[in-house]
Every structure is written in C-alpha cells, then in structure tokens.
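Scroll down for the structure; my scribbles are underneath it.
What's counted below: heavy atoms across the whole structure, side chains too, no hydrogens, waters or symmetry copies.
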Amino acid sequence: MFKAASLLALISVLPAFVNAQQAIYAQCGGIGWNTLASVRHSCSTPSTSTTATATTSKATTTTSSTTTTTNSGTTTKATTTTGTSTSTSSASTSTATPAAGNPYTGYQIYLTPYYANEVAAAAALITDATQKAKALKVANIPTFTWFDTVAKVPTLGTYLADASAKGKAAGTKYLVQIVVYDLPDRDCAALASNGEFSIANNGLNNYYNYIDQLVAQIKLYPDVRVVAVIEPDSLANLVTNLSVAKCANAQTAYKAGVTYAMQQLNTVGVYMYLDAGHAGWLGWSANLGPAATLFNQLYSGAGSPSFVRGLATNVANYNALVAATPDPITSGDSNYDEQLYINALAPLLTSGGFPAHFIVDQGRSGVQNIRNAWGDWCNVVGAGFGTQPTLNTGSSLIDSIVWVKPGGECDGTSNTSSPRYDAHCGLSDAAPNAPEAGTWFQAYFAALVQNANPAL
C-alpha cells in the first residue's frame, strides 16, 4: 500500500542522487555537453571536459495523510504543499490483476478518428495520384492519441464508447492507445510544447484533477483495454537536465505527478509504459545507471503498481530500432540504436524490480543519417514514416513497435516571434515554415509519405 510518507522519502532521495550525476554527464549528451538552451530529445557527441554545475530544487514539501478503504483497494490522501501552492491528491492501489504477457496480444488497436480525419484532409490536398493513395493508407495505421490538455479528456470517453461498440458488434477485443501529457511546467528543458499548467499556479493539483478525469472516463468502459505512454520527456529531463532551472524547480512536481498517474491509472487497469527518452539521451553509459535508479525508485515508491508494464522509447524521435551501421552523429555512444539502448538498460531495471518491457516508436524512423546532431528533434528534414506497428519486434524485451507521434502533427514552430519558438526548430535540418507544435504541418506530412521506409 502506498503511503504519503513513501512519496516524501522518494522526493528527498532522488534529487540528491540525480544531481550527483550532473557533474559527470550533464545535459544528456555526455561529458562536456553544454548547450543549455533547449536540450529536449537529447544530445550531441561528448567532448573530453567535465564541467557542469548541479542545480538543486528550492521546492519544499510537507505531507499529511488520511486513509480510507474503497472497493478498488486502499486509498491514501496526500496533501502536498510546494512553495506557495497547496494541492490534495489521493493515491490508490488496485486489486485487479493484469493479464500475463504482452498486453497487445489478442487485441484490435483502435484507430483514432481525429488523426484519421487529419490524414484524409491532408491526402485530399496531394495532387499526385500515387502519393495520394499512399497518404490515405496512413489513416489505417494505429497511432496514439495525445491528451495534452484537460479539455480534451472527454474525447477519450467518446473513443472508448466507440471502441466498446465496435468490439461488441464484431466480437473483437479493442485496445485504445493514449499519451498522458499534461504535467505542470511541462517540457521543462525546451519551449515548443510548454503546457497549460504552472506549478506556481496550483499546477500540481490541476494535474491530479486531469488524471482523475482520465480515470473516470476509462472506468466506464472496462471491456476496452487502454495502453498509455506516461509523460514524454519528463523523467528523462530529471536524469540529465537539472542544471536547467525550470527542470530543477519542477522535479518535485514531476515525480509526484507521475507517481499519482501510475497509482490512479492502475486502479482502472491501464497498461502503462513510462517514457524513457531514447538511445541518444539516456543511452549514454553514464546516464544508464541514474535512469534505471530513477525508474526503479519511482516504481517502488508508488507501491509497484501491477499495471506498469515497462518503458516507451524514441517517442516522437527518429532513431532506428536496429541501425545497419551507426549514424555518424552517434559517435561516442555504444548504444547507437534503440535495441542496443534497451538491451543495456533492461538488466539495470530488472535488478531493481522494475518490469523491463518496452514499446518503441518508429513512426518517423524510416530514414537514417539525416540529422546534423543527435539532439536535433524538431521537424527533421528528410524523415519518413518507419516500420508500421507490429508485435514482430525481434526482441523478447519489446512488446510492440508503435507509432506514438502522429506523423504530420508539428513538433514546433519555426516562427522566431512565437512565445513557443525553440531554437531547434530553426536549425538547418529543421523544416521551414513550420506551424505551432501539435498543429498540422501539411508539407511535412507529404514528405513523410514520400520518404516512408518501408514504402506505404
């Protein structure tokens, strides 16, 4: 049973541990990585210097608790005060037992109507008949639905109801894929995907409410299986980017929020994969140990939720699952593709009790050797749709190849006057004329179709 004291102990231990690693491999790239502006999604080749300054969060936390028993298990109410804002949350444990083995096995993956409509509209704008036909095929490839604002949560209920009805009509079990992505002070090491909640303005309490709303929708449709990726970039930032002030200030809220998400989603049987960056971020040898320790401690501190299945890697990135040859930008990192990263990380997870199962995003990984640096993540020119979702992964550690990032939805704007402009979106290998993050980027979608490998 999770107790509030466990979370408080976890929060007190982790910042010191992660900061201790900062002086060795700060900013995710390796020794000497010193590009402080916008280090989201990773890294460049390490140099030989070791100068980095650890940053300590100034957040203070006090916790009180009350315990009640419900039909779904035992619930601990945790009241957390961070800085000047106060929020109350509840942490629950489930009495349900997850199915043994791969949660994808035997299920039909639900096609997100919103993305299918985006693709249909985009295909209509493509004049070449061959490319149009290829583009239309994308609508039938399952992607994840990102719930990046609380206002979108009711849509989850709509999709679950539709999946339930389809399943009953066809006698088929359906699975809905979602991304939980609304932490306060989100995207702490970049600007393009800044979220709606601020820690200073009751953000953690707002996040708890967001999670509660997701849980309420999912609870209504127990016949539909839900698989969730939990908070892309958040925990990876806590491993490598605490010298960025916003990340240092957010670490207490991030850990509390992710813990709450794990516990509450566990009560309604959501199979969860925590986001674990990618090979060029946490795959560096000096980052593997701190990353595994963070995941292990969060998991055990949350009460080892039974529906936490493992980790998601390469979300919204471009790395190969298995690279034929190392991309030159990966020089210095022996784990130069996602399979190598997973193989290196998995034993460190299992030794600490964390379930080492993975899903890997290959939605935009069809073309390799297209980036100027491994840290270039924004609308990379020359990218193509990659291997389509499959359970034939070639590894017992990998449950599924997936498309988490809906191809065609923009990474970030190239408009330098935008408040959300990130310098990575103005690099020479970033596509020009890009709209705001999350909005449709027609030219980029057309290029993903044209460059798809395997071809659509």
Would you mind writing out the side-chain donor-acceptor pairs for residues 147-154 within the sub-3.5 Å range, not counting sequence neighbours?
residue : atom : partner : partner atom : Å
Asp148  : OD1  : Lys152  : NZ           : 2.7

Classify the ring geometry between Tyr210 and Tyr207 as parallel (under 30°), tilted (30 to 60°) or perpendicular (over 60°).
->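 Geometry flag for Tyr207 against Tyr210: tilted rings.
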Would you find a donor on one side and an acceptor on the other, under 3.5 Å apart, between the side chain of [X] and the backbone of [Y]?
{"X": "Asp429", "Y": "Arg371", "value": "no"}
{"X": "Asp361", "Y": "Lys405", "value": "yes"}
{"X": "Tyr159", "Y": "Thr145", "value": "no"}
{"X": "Gln263", "Y": "Ala302", "value": "yes"}
{"X": "Ser414", "Y": "Asn433", "value": "yes"}
{"X": "Tyr299", "Y": "Gly352", "value": "no"}
{"X": "Asp376", "Y": "Ala373", "value": "yes"}
{"X": "Arg225", "Y": "Pro103", "value": "yes"}

With a cut-off of under 6.0 Å to the ring centre and 45° to the axis, is Arg186 in cation-pi contact with Tyr181?
->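 Yes.
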Beyond-backbone contact of Val226 with Leu175, side-chain heavy atoms, under 4.5 angstrom =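 Not touching, per the 4.5 Å side-chain cut-off.
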Between [X] and [Y], is the ring centre distance below 6.0 Å?
{"X": "Tyr318", "Y": "Trp377", "result": "no"}
{"X": "Trp440", "Y": "Phe445", "result": "yes"}
{"X": "Tyr271", "Y": "Phe307", "result": "yes"}

Checking side chain to side chain donor-acceptor pair (under 3.5 Å) for the pair Tyr208/Gln213: CA distance, chi angles, key distance, verdict?
-> CA-CA 9 Å; Tyr208 292 152; Gln213 290 192 42; over 6 Å; no
When you check the side-chain N and O atoms of Tyr260 and Asp212, is any donor under 3.5 Å from an acceptor?
->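 The answer is yes; a qualifying pair exists.
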Ignoring hydrogens and angles, state whether a donor on the side chain of Trp281 or Thr240 is under 3.5 Å from an acceptor on the partner side chain.
-> yes
May I ask you to decide whether Arg309 forms a salt bridge with Asp399, counting only side-chain N to carboxylate O separations under 4.0 Å?
->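 Answer for the salt bridge query: yes.
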Step by step, work out the side chain to side chain donor-acceptor pair (under 3.5 Å) result for Glu436 and Ser418.
-> CA-CA 8 Å; Glu436 292 286 349; Ser418 170; 2.6 Å; yes
Taking Arg364 as the fixed residue, which of Asn317, Asn319, Asp411, Asn314 is the one that meets the side chain to side chain donor-acceptor pair (under 3.5 Å) rule?
->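 Among the candidates, only Asp411 passes.
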